[in-house]
Participant: 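My questions all concern the structure below.
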Number of protein chains: 2
Amino acid sequence: MSRNIKSANIAFRKHDHRRCQRELLSAARRVCELRKLRLTTRRRQVLEILLISHQPLGAYDILAELNRAASGERIAPPIVYRALEFLLAEGFIHRIESRNAFISCVHPGHLCAAQFLICRDCERVAELENSDAALLAQADVLGFAVDHSVVEITGVCAECQKHGG
Amino acid sequence: MSRNIKSANIAFRKHDHRRCQRELLSAARRVCELRKLRLTTRRRQVLEILLISHQPLGAYDILAELNRAASGERIAPPIVYRALEFLLAEGFIHRIESRNAFISCVHPGHLCAAQFLICRDCERVAELENSDAALLAQADVLGFAVDHSVVEITGVCAECQKHGG
DNA sequence: CTGGTTACGTTATAATATAACATTATGTCG
DNA sequence: CGACATAATGTTATATTATAACGTAACCAG
């Protein structure tokens, strides 16, 4: 559990983010190779944009970033949404439903049931990896076959509680 | 726990829904009276539409229903969104983030941390009342002050597993 | 090198949500 | 009562998020 909490906290801890970016990108490359999938330029670009920070971005933010980078081109929404769809399916990113936004996964390719702590002050998002045993047990009692879980907790992070007063 | 599971299951169990509707509506009335709030015609209409079933409805579905009922009037989106905002704030309904939809609460006014089991076959939604102790404990360890939680589990309900094969 | 498949590009539009401001209803206090 | 303050509703326009539909290009298996 302490490992999870530590890893969960990555967005909140100081770390060598250049390296973090590089590692997450090459992890994605490796996973794609293993799965015989194509991490095409577009897909990589979208992933790279999400890897710039550990914050969630809207599809149109990503779109704007793409269009800003590639001056001249005029990229349209479906391109971004298709790349996002791929990255989601392979577990390289997550969708934050309560924000209509997307965020890079800190355990790429695991297809884990992620849980998020979202600070409404600083907007940072921590990803926890724990699955919720109690809830899954309850689903099981009801005979409900779980596919996908969305767990998004909004509140104020420790740091903002100190600073914000 | 068995009580929760039972109540959770209301959308899935046969029950006297006329009565269920009446009870949930009068519960809302009582809560508003207690809190000195106005359950105006519009707000009541929107709640009634959501009480027609235990299924989630989109804002524009509700809008269409309002406009169909009141022939002649041409009600606009902000009216619906404002009523929804009120009903959400008072805990009479919930928002299902992963569907951009709204659903009546089976414990009106409790401001409970609801959790949902959403069947992707029959689209029915069960509301569980349990809060997730493990997750909250973990948030606590991180010093994160929880405000609001979104827990939405998608899968296939027991009934659809039998029928769908 | 050709036919099937996958990914990308383009246009248009659907679906969801809110800003901004005008109007009406409600409660309250002299 | 009646005038004010507040809350709620109504109206117009527009922002934001997402997808349908169809054509083109890239890839790769035989």
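Order of the sequence lines sets the chain letters (A, B, ...), proteins ahead of strands, with each chain counted from 1.
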Participant: Between D:dA8 atom C1' and B:Ile75 atom CD1, what is the distance in whole Å?
Facilitator: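 After rounding, the reported distance stands at 14 Å.
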
Participant: Identify, with sequence neighbours excluded, every residue that meets side-chain contact (heavy atoms from CB on, under 4.5 Å) alongside B:Arg120.
Facilitator: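 Testing B:Arg120 for side-chain contact (heavy atoms from CB on, under 4.5 Å), a comparison that skips the adjacent residues, returns A:Asp147, B:Arg99, B:Thr154, B:Val156.
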
Participant: Answer with base, sugar-phosphate or nothing: what part of the nucleic acid does A:Arg82 contact at a heavy-atom distance below 4.0 Å?
Facilitator: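 Base, at least one base atom sits under 4.0 Å.
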
Participant: If you take atom types as modelled and just measure distance, does the side chain of A:Tyr60 reach the base of D:dA18 with a donor-acceptor pair under 3.5 Å?
Facilitator: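 Such a pair exists between side chain and base.
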
Participant: Would you indicate, yes or no, if D:dA26 has its OP1 or OP2 atom less than 4.0 angstrom from a side-chain nitrogen or oxygen of A:Arg38?
Facilitator: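 No, A:Arg38 has no side-chain N/O under 4.0 Å of OP1/OP2 on D:dA26.
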
Participant: Pick the nucleotide of DNA chain C nearest each of A:Pro78 and A:Thr40; which residue has the one closer to the 5' end?
Facilitator: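 The 5'-side residue here is A:Thr40.
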
Participant: According to a strict under-4.0 Å criterion, is A:Asn100 in side-chain N/O contact with OP1 or OP2 of D:dA18?
Facilitator: yes

Participant: For the CD atom on B:Glu33, are there more than 12 heavy atoms of other groups (residues, nucleotides or ligands in this structure) within a distance under 6.0 Å?
Facilitator: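 No - once you tally the heavy atoms of other residues, nucleotides and ligands closer than 6.0 Å, there are 12 at most.
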
Participant: For D:dG10, does either OP1 or OP2 sit under 4.0 Å from a side-chain N or O belonging to B:Arg74?
Facilitator: no

Participant: Search all heavy atoms of B:Ser98 against all heavy atoms of B:Glu152 and return the closest pair with its distance.
Facilitator: OG-OE1, 2.5 Å

Participant: Looking at B:Arg43, I'd like to know whether one of its side-chain N or O atoms comes within less than 4.0 Å of OP1 or OP2 on D:dT9.
Facilitator: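 Indeed, a polar side-chain atom of B:Arg43 lies that close.
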
Participant: Return the value, rounded to whole Å, for the distance between atom CD1 of A:Ile96 and atom P of D:dA18.
Facilitator: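 After rounding, the gap between these two atoms is 13 Å.
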
Participant: Is it the case that more than 12 heavy atoms not belonging to A:Glu85 sit under 6.0 Å from its CD atom?
Facilitator: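 Open: at most 12 neighbouring heavy atoms sit under 6.0 Å from CD of A:Glu85.
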
Participant: Roughly how many Å is it from CD1 in B:Ile79 to C1' in C:dT18, rounded to a whole number?
Facilitator: 14 Å

Participant: NA contact type, A:Arg95, heavy-atom cut-off 4.0 Å: base, sugar-phosphate, or nothing?
Facilitator: sugar-phosphate

Participant: Output the rounded distance in Å from CG (A:Leu57) to C1' (D:dT16).
Facilitator: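 Spelled out: CG on A:Leu57 to C1' on D:dT16 is 15 Å.
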
